[in-house]
Asker: 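Have a look at this one.
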2 protein chains.
Amino acid sequence: MHLSAFVRLASADREILTQALQRRVRILEPRQDIIREGERPRFVNVILEGWAQRYKQLADGRRQILSFFIAGDLCDANIFILKQMDHSLSTVTRVKLAEISQSEFQEIMERSPRIAQALWWNELVTVAIQREWTTNIGQRTAYERIAHLFCEMFVRLRTTGRTDDDECEFPLTQSEIAEATGLTQVHVNRTIQEMRRDQLIELRNKRLKVFDLDRLMSVALFNPNYLHLDHEGLA
Amino acid sequence: MHLSAFVRLASADREILTQALQRRVRILEPRQDIIREGERPRFVNVILEGWAQRYKQLADGRRQILSFFIAGDLCDANIFILKQMDHSLSTVTRVKLAEISQSEFQEIMERSPRIAQALWWNELVTVAIQREWTTNIGQRTAYERIAHLFCEMFVRLRTTGRTDDDECEFPLTQSEIAEATGLTQVHVNRTIQEMRRDQLIELRNKRLKVFDLDRLMSVALFNPNYLHLDHEGLA
DNA sequence: CGAAGGATTGATTAGTCTCAACGCAAGTGG
DNA sequence: CCACTTGCGTTGAGACTAATCAATCCTTCG
């Protein structure tokens with residue numbers, strides 16, 4: 001999901017990006033809000049290190065996690081167009097992020113049509129992921145849902161070179177997995193135990209080990225097409 | 001959702017749009033695919049009349065409806081950037097739509113920055129709706145989910161002037177409502193009966209009557225902020 | 001050592017699904 | 001114009017997934 005992986009960018013374009021990502025950098029502690037529903041968006045956030053998430057809360061407190069961001073992910077291109085946030089962003093782990101102001105952002109889009117194109121690509125993939133999450137919660141069983149989340153995060157981390165053979169970081173608590181999949185924490189616990197018994201995965205100390213990715217993808221009915229990894233930026 | 005409602009457009013911009021929407025117009029019968037998952041996108045589709053939908057199918061046939069389109073809705077700006085569709089589009093009712101080719105589309109975006117901006121706005125609202133659907137299925141009960149769908153469609157139809165006092169068209173079958181909310185058709189049937197008993201709504205002959213929208217919004221925990229109706233195109 | 005956050009376990013219940021049948025209205029063909 | 005089909009909505013009985021409530025157990029860490 002690295003911006004520079006969207007499309008092939010000329011070195012001038014890369015330079016523009018590098019500049020923009022250095023101007024305003026912040027470090028946030030784990031489980032801290034970045035921006036809340038109702039607030040006016042002032043920056044486009046780019047995650048440089050760590051995991052972050054989107055979530056939405058109903059009037060009575062029920063909470064749905066809507067997506068996760070990992071290093072390289074851009075939160076909301078052009079978010080300034082909206083008067084207020086309809087959801088919140090928060091950190092999962094300690095996070096390093098870059099803030100890009102509206103004027104900086106617009107200048108970048110104008111100076112490089114390639115980057116503007118890359119931003120559209122990024123946005124289209126973001127919606128596609130959200131659609132897959134809707135499908136995940138609407139149609140899959142608890143077991144399949146959690147397996148699907150594991151697949152998605154593993155594949156995304158692998159694409160950005162953040163896996164170590166069959167392992168990757170996985171800093172979510174079982175409660176967070178529950179909020180992301182529309183289940184309860186207790187049921188997530190039991191389901192993960194079942195997956196362990198089935199020799200599908202190992203999950204402890206914030207690390208996920210996938211014994212057989214093909215089998216995991218198969219039980220999850222995981223089809224990576226929605227990540228659109230076959231774009232021109234790749235060989 | 002009418003393109004011309006996104007932002008205030010100059011009459012020259014309106015002219016550009018009007019032109020583009022007249023070039024290639026098709027009429028499709030009800031329950032007919034417009035484009036299928038896996039195919040290469042060739043056009044941006046704009047719904048001129050009727051209802052359409054996005055859906056996604058798992059390998060074993062389970063189907064999730066992901067969103068509905070009504071007159072004025074633009075299906076996927078810049079969809080050409082993606083090599084293949086990760087979901088399908090189909091009609092619900094008989095539909096009249098306009099197809100815009102890649103070159104036409106790019107020309108429009110270049111000729112009018114205001115329209116380009118409007119397209120970004122449209123895309124941001126589309127993701128916001130998708131997030132709300134994820135939340136709907138993940139957190140709300142069956143009763144709340146269906147009420148929420150009723151609210152969303154009623155408000156969107158009203159915004160585009162397609163309601164008649166407390167009534168609107170509602171051409172979905174109970175099976176389709178089920179596929180959109182992640183429930184079974186049987187349970188949707190029972191839940192709607194309950195809503196009728198509660199004097200919340202009336203639904204027959206493809207028409208929905210909302211007795212008290214405030215009460216419906218309240219039981220659905222419906223917050224219209226995600227539709228971002230407070231944009232500059234409106235007073 | 002005590003506190004706190006997270007994971008695990010057990011018992012019970014609720015919400016939703018499954019399967020199967022039936023009803024009704026509209027359309028179709030002989 | 002009647003018999004048949006088809007699509008959609010309704011009803012019933014029973015099964016099962018996942019939720020709820022409530023403890024208990026770990027680990028980590030100050």
Side-chain angles (χ1 to χ4, degrees), chain A residues 29-32 51 58 60-65 90-94 136-149 169-198 201-208 219, chain B residues 29-32 51 58 60-65 90-94 136-149 169-198 201-208 219:
Chain A
E29 293 305 304
R31 276 77 189 181
Q32 198 179 329
W51 286 36
L58 299 187
D60 64 1
R62 278 175 277 178
R63 196 168 90 124
Q64 176 69 43
I65 293 177
S90 76
T91 63
V92 173
T93 63
R94 169 189 275 255
N136 199 33
I137 299 177
Q139 298 300 321
R140 283 186 258 256
T141 64
Y143 194 99
E144 292 162 353
R145 274 182 230 181
I146 297 172
H148 193 277
L149 175 62
E169 48 179 325
F170 203 88
L172 306 179
T173 65
Q174 293 185 351
S175 292
E176 285 163 338
I177 297 176
E179 290 178 313
T181 52
L183 300 165
T184 58
Q185 177 265 325
V186 172
H187 197 58
V188 165
N189 179 280
R190 293 184 168 124
T191 307
I192 288 181
Q193 286 181 49
E194 206 183 330
M195 295 175 70
R196 282 197 270 249
R197 257 182 270 121
D198 295 346
I201 54 124
E202 209 171 281
L203 176 59
R204 52 174 224 272
N205 294 329
K206 310 284 174 215
R207 286 196 70 78
L208 172 69
V219 309
Chain B
E29 293 305 304
R31 276 76 189 180
Q32 198 180 329
W51 285 37
L58 299 188
D60 64 2
R62 276 174 278 177
R63 196 169 89 124
Q64 176 68 44
I65 293 177
S90 75
T91 63
V92 173
T93 64
R94 169 188 275 254
N136 199 32
I137 299 176
Q139 297 301 321
R140 282 186 258 256
T141 65
Y143 194 99
E144 292 162 354
R145 276 183 229 182
I146 297 172
H148 192 276
L149 176 62
E169 49 180 322
F170 203 87
L172 306 178
T173 64
Q174 294 186 350
S175 292
E176 285 163 337
I177 296 175
E179 289 177 314
T181 52
L183 300 165
T184 57
Q185 178 266 323
V186 172
H187 198 58
V188 166
N189 179 279
R190 292 184 168 124
T191 307
I192 288 181
Q193 286 180 50
E194 206 183 330
M195 297 176 68
R196 282 197 269 247
R197 257 181 270 120
D198 295 344
I201 54 124
E202 210 171 281
L203 176 60
R204 53 174 223 271
N205 295 328
K206 310 287 173 213
R207 285 196 72 77
L208 171 69
V219 309

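Since we're looking at a predicted model, the values are computed, not measured. Numbers restart at 1 for each chain; the letters A, B, ... are given by sequence-line order, proteins then strands.
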Asker: Please give, in whole Å, the distance from D/dA15 P to B/His187 NE2?
Answerer: 19 Å

Asker: For A/Thr173, answer base if it contacts any base atom (sugar-phosphate contacts may also be present), sugar-phosphate if it contacts only those atoms, and nothing otherwise; contact means non-hydrogen atoms under 4.0 Å.
Answerer: sugar-phosphate

Asker: Report the end-to-end axis angle of the helix from C/dC1-D/dG30 to C/dG30-D/dC1; each axis comes from five terminal pairs, and the value is rounded to 10°.
Answerer: 30°

Asker: Would you kindly give the CD1-to-C1' distance between A/Ile177 and D/dA18, to the nearest whole Å?
Answerer: 16 Å

Asker: Can you find a pair of side-chain heavy atoms, one from B/Thr191 and one from B/Leu183, that are under 4.5 Å apart?
Answerer: no

Asker: Report yes if at least one side-chain N or O of A/Gln193 is closer than 4.0 Å to OP1 or OP2 of C/dT9; otherwise report no.
Answerer: yes

Asker: Under the 3.5 Å rule, do the base of D/dG12 and the side chain of B/Arg190 count as making a donor-acceptor pair?
Answerer: yes

Asker: For a side-chain contact (heavy atoms from CB on, under 4.5 Å) check, start with the C-alpha distance between A/Arg145 and A/Ile137, then their side-chain angles and the critical distance, and finish with the verdict.
Answerer: CA-CA 7 Å; A/Arg145 274 182 230 181; A/Ile137 299 177; 4.1 Å; yes

Asker: From CD of A/Glu29 over to P of C/dG5, roughly how many Å is that when rounded to an integer?
Answerer: 16 Å

Asker: Taking B/Asn189 as the fixed residue, which of B/Gln193, B/His187, B/Gln185 is the one that meets the side-chain hydrogen bond (donor to acceptor under 3.5 Å, both in side chains) rule?
Answerer: B/Gln193

Asker: Can you measure B/Lys206 atom NZ to D/dC8 atom C1' for me and round it to whole angstrom units?
Answerer: 7 Å

Asker: Closer to the 5' end of DNA chain D via nearest nucleotide, is it A/Arg140 or A/Asn205?
Answerer: A/Arg140

Asker: With rounding to the nearest 0.5 angstrom, report the CZ to CD distance, A/Phe170 to A/Glu202.
Answerer: 14.5 Å

Asker: Would you check, one step at a time, whether the test side-chain contact (heavy atoms from CB on, under 4.5 Å) holds for A/Glu194 with A/Ile146?
Answerer: CA-CA 11 Å; A/Glu194 206 183 330; A/Ile146 297 172; over 6 Å; no

Asker: B/Glu194 CD to D/dT11 C1': how many Å, rounded?
Answerer: 15 Å

Asker: Looking at C/dG5, does its base get a donor-acceptor pair with the side chain of A/Arg31 below 3.5 Å?
Answerer: no

Asker: If I take atom CD in residue A/Glu179 and atom C1' in nucleotide D/dA19, what distance separates them, rounded to the nearest angstrom?
Answerer: 15 Å

Asker: Can you check whether B/Arg196 has a side-chain N or O nearer than 4.0 Å to OP1 or OP2 of D/dT10?
Answerer: yes

Asker: How long is the straight-line distance from CG of B/Leu58 back to CZ of B/Arg63, given to the nearest 0.5 Å?
Answerer: 12.0 Å

Asker: Calculate the interatomic distance between B/Glu144 atom CD and C/dG15 atom C1'; express it in whole Å.
Answerer: 13 Å

Asker: Check this one for me: any side-chain N or O of B/Asn189 less than 4.0 Å away from OP1 or OP2 of D/dG9?
Answerer: no

Asker: Which nucleotide in the list C/dC17, D/dT10, D/dT20 gets nearest to the side chain of B/Gln185?
Answerer: D/dT10

Asker: Say whether, by atom type as modelled, one donor and one acceptor occur between the side chain of B/Gln64 and the main chain of B/Glu179 under 3.5 angstrom.
Answerer: yes

Asker: Take atom CG of B/Leu183 and atom C1' of D/dT17, then tell me their distance rounded to the nearest Å.
Answerer: 14 Å

Asker: At what distance, to the nearest 0.5 angstrom, does CG of B/Leu149 lie from CZ of B/Arg140?
Answerer: 11.0 Å

Asker: Could you tell me whether the phosphate oxygens of D/dT10, OP1 or OP2, come under 4.0 Å of any side-chain nitrogen or oxygen in B/Gln174?
Answerer: yes

Asker: With a 4.0 Å cut-off on heavy atoms, is A/Thr141 in touch with a base, just the backbone sugar-phosphate, or nothing at all?
Answerer: sugar-phosphate

